[in-house]
Colleague: 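Structure provided below as structure tokens; questions to follow.
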Amino acid sequence: MQAAAGVLAAAGLASAQPALALLDTPDGYTARVDKLDGYSFVYPDQWAPVTSSGNDIFLRNPFNVDQNLFVDITSPSSSRYASVEDLGSPDAAAARLLDKYLNKEFMSTRIGIKREGEIISAASRQGDDGRLYYDLEVRMASYASRSPYVATQGEVMRDYGLEWDRRFLTTLGVANKRLYELRMQTGSDTYAQDKPVLDLIRTSFRVVEVEEK
């Protein structure tokens with residue numbers, strides 16, 4: 001707990017600061033400090049970058065294929081956010097996120113596929129940098145029919161098996177009139193043991209105003 005507290009203290013960057021300070025990270029962790037876009041967080045040393053993802057940063061745990069994280073930032077030319085409260089309440093933000101998962105990101109055109117999701121939690125908190133963050137958690141599961149090519153839809157729907165079951169943890173913050181999204185995922189079956197690491201990453205996430213050049 002002392003190491004985690006050290007991370008939080010180091011990550012508490014005053015919103016008035018023009019640049020991000022280097023993070024004092026605990027043993028076994030690496031600091032990601034992006035001074036150009038204005039965010040920082042820590043992550044486990046063994047997590048490896050994926051350079052072909054198209055996200056600002058994408059990291060995955062090579063020892064757990066279900067565990068990864070990425071940071072997504074809205075375009076500076078098309079966003080005018082003042083605070084995460086522009087998204088509405090945490091519950092409203094979580095509902096939109098779940099809708100995006102069900103109807104866009106994880107929607108499947110495969111025959112005999114069914115996707116289900118639920119909001120586990122949605123809360124706001126003030127970071128020790130004085131900024132407001134939303135912490136959202138969603139559970140998603142995918143089911144596939146063992147007989148997708150049978151004669152009737154009723155037969156397809158009758159015989160489903162679980163394909164995957166995952167937890168998605170999202171932290172939202174606003175700086176530079178842009179919305180920052182830190183999203184992590186892990187398997188629901190390992191969630192309890194993974195949660196301390198994911199919580200440490202989440203609470204170390206900070207956004208900050210950057211100087212215009």
Side-chain angles (χ1 to χ4, degrees), residues 2-60 68-90 92-94 96-97 100 105 122-137 168-185 197-213:
Q2 289 181 343
V7 173
L8 300 183
L13 306 174
S15 59
Q17 286 184 298
L20 291 167
L22 292 176
L23 299 180
D24 182 17
T25 61
D27 290 342
Y29 284 79
T30 297
R32 165 72 179 187
V33 178
D34 189 321
K35 294 184 179 181
L36 179 64
D37 287 314
Y39 69 87
S40 63
F41 63 92
V42 302
Y43 63 90
D45 286 342
Q46 69 268 28
W47 287 31
V50 178
T51 57
S52 59
S53 72
N55 299 104
D56 196 68
I57 179 69
F58 190 106
L59 299 163
R60 65 181 176 189
N68 58 56
L69 70 79
F70 67 79
V71 173
D72 188 53
I73 312 171
T74 56
S75 168
S77 62
S78 61
S79 56
R80 293 292 183 270
Y81 291 93
S83 165
V84 287
E85 291 178 305
D86 290 350
L87 302 172
S89 67
R96 281 196 295 272
L97 188 63
K100 182 174 73 170
E105 287 194 28
S124 64
R125 62 177 167 85
Q126 186 176 33
D128 51 14
D129 57 355
R131 291 186 181 275
L132 187 67
Y133 295 87
Y134 282 0
D135 293 325
L136 315 176
E137 184 175 339
F168 294 88
L169 289 77
T170 299
T171 292
L172 303 173
V174 166
N176 307 294
K177 299 181 180 180
R178 306 171 73 184
L179 178 66
Y180 294 70
E181 176 182 357
L182 170 71
R183 194 170 96 184
M184 300 177 285
Q185 77 167 35
V197 171
L198 300 178
D199 283 346
L200 193 153
I201 297 171
R202 161 183 276 181
T203 52
S204 75
F205 183 60
R206 291 290 180 268
V207 299
V208 69
E209 301 297 326
V210 297
E211 291 182 320
E212 295 184 5
K213 296 183 178 180

Colleague: Mind checking the CD-CZ spacing from Gln185 to Phe70? Nearest 0.5 Å is all I need.
Modeller: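 Gln185 CD to Phe70 CZ: 8.5 Å, rounded to 0.5 Å.
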Colleague: Is the backbone of Asp86 close enough, under 3.5 Å, to the side chain of Ser83 for a donor and an acceptor to pair up by distance?
Modeller: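 Side chain of Ser83 to backbone of Asp86, a donor-acceptor pair under 3.5 Å: no, none is there.
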Colleague: Where the side chain of Thr25 meets the backbone of Ala31, is there a donor-acceptor pair that is under 3.5 Å apart?
Modeller: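 Not at all, since once roles are kept as given, no pair shorter than 3.5 Å links the two residues.
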Colleague: Is the side chain of Arg80 donor-acceptor paired with the backbone N or O of Lys177 at a distance under 3.5 Å, no angle test?
Modeller: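 No.
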Colleague: What are the two closest non-hydrogen atoms of Leu179 and Val174, and how far apart are they?
Modeller: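 Scanning both residues, the minimum pair turns out to be CD1-CG2, 3.8 Å.
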Colleague: Please give me the minimum heavy-atom distance between Met184 and Arg202, naming the atom from each residue.
Modeller: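 It is CE-CB, 3.8 Å.
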Colleague: Show the nearest heavy-atom pair for residues Pro90 and Leu136, with the distance to one decimal.
Modeller: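 So the minimum-distance heavy-atom pair works out to O-CD2, 3.6 Å.
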Colleague: What is the minimum heavy-atom distance between Gly173 and Val84, and which atoms define it?
Modeller: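 In this case the closest contact between Gly173 and Val84 is CA-CG1, 3.6 Å.
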Colleague: Side-chain contact, heavy-atom cut-off 4.5 Å: Leu169 with Asp135?
Modeller: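 Side-chain contact under 4.5 Å: no.
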Colleague: Contact between Val71 and Phe41 at the side-chain level, heavy atoms closer than 4.5 Å - yes or no?
Modeller: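 Of all side-chain heavy-atom pairs linking Phe41 with Val71, at least one is under 4.5 Å.
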Colleague: Would you give the length of the straight line joining atom OG of Ser204 to atom CG of Asp199, rounded to the nearest 0.5 angstrom?
Modeller: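 CG of Asp199 is found 11.0 Å from OG of Ser204.
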Colleague: Taking Asn176 for the side chain and Gly38 for the main chain, is one N or O donor matched with an acceptor at less than 3.5 Å?
Modeller: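 Between the backbone of Gly38 and the side chain of Asn176 there is no qualifying donor-acceptor contact (under 3.5 Å).
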Colleague: If you measure from the Lys or Arg side-chain nitrogens to the Asp or Glu carboxylate oxygens, is any gap between Glu209 and Arg131 under 4.0 Å?
Modeller: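 Looking at Glu209 and Arg131, the cut-off is met.
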Colleague: Provide the closest heavy-atom pair for Lys35 versus Val210 in the form atom of the first, atom of the second, distance.
Modeller: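 Looking at all heavy atoms of both residues, the closest pair is O-CG1, 3.4 Å.
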Colleague: Could you go step by step and tell me if Tyr39 and Asp56 meet the side-chain hydrogen bond (donor to acceptor under 3.5 Å, both in side chains) rule?
Modeller: CA-CA 11 Å; Tyr39 69 87; Asp56 196 68; 2.4 Å; yes
Colleague: Can you tell me how far the CG atom of Asn55 sits from the CG atom of Asn68, to the nearest 0.5 Å?
Modeller: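 Here the rounded value is 9.5 Å.
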Colleague: Between the main-chain N or O of Val50 and the side-chain N or O of Arg60, is there a donor-acceptor pair closer than 3.5 Å?
Modeller: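 Checking the backbone N and O of Val50 against the side chain of Arg60, no donor-acceptor pair under 3.5 Å is found.
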Colleague: Measuring from atom OG1 of Thr171 to atom OH of Tyr133, what distance do you get when rounded to the nearest 0.5 angstrom?
Modeller: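 Spacing of OG1 (Thr171) from OH (Tyr133) equals 9.5 Å.
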Colleague: How long is the gap from CG on Leu182 to CG on Leu69, to the nearest 0.5 Å?
Modeller: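 If I round to the nearest 0.5 Å, the distance is 6.0 Å.
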Colleague: Report yes if some heavy atom in the side chain of Glu181 is under 4.5 Å from a heavy atom in the side chain of Ile73; otherwise report no.
Modeller: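 No; the side chains remain at least 4.5 Å from each other.
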Colleague: To the nearest 0.5 Å, how far apart are CD1 in Ile57 and CZ in Arg32?
Modeller: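 Spacing of CD1 (Ile57) from CZ (Arg32) equals 4.0 Å.
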Colleague: For Asp72 and Arg183: C-alpha separation, side-chain torsions, deciding distance, then whether salt bridge (Lys or Arg N to Asp or Glu O under 4.0 Å) applies.
Modeller: CA-CA 8 Å; Asp72 188 53; Arg183 194 170 96 184; over 6 Å; no
Colleague: For Ser79, give me all partners under side-chain hydrogen bond (donor to acceptor under 3.5 Å, both in side chains), at least two apart in sequence or on another chain.
Modeller: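 Expected list: Thr74.
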Colleague: Do Leu132 and Ser124 come close enough that some side-chain heavy atom pair is under 4.5 Å?
Modeller: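 Touching, per the 4.5 Å side-chain cut-off.
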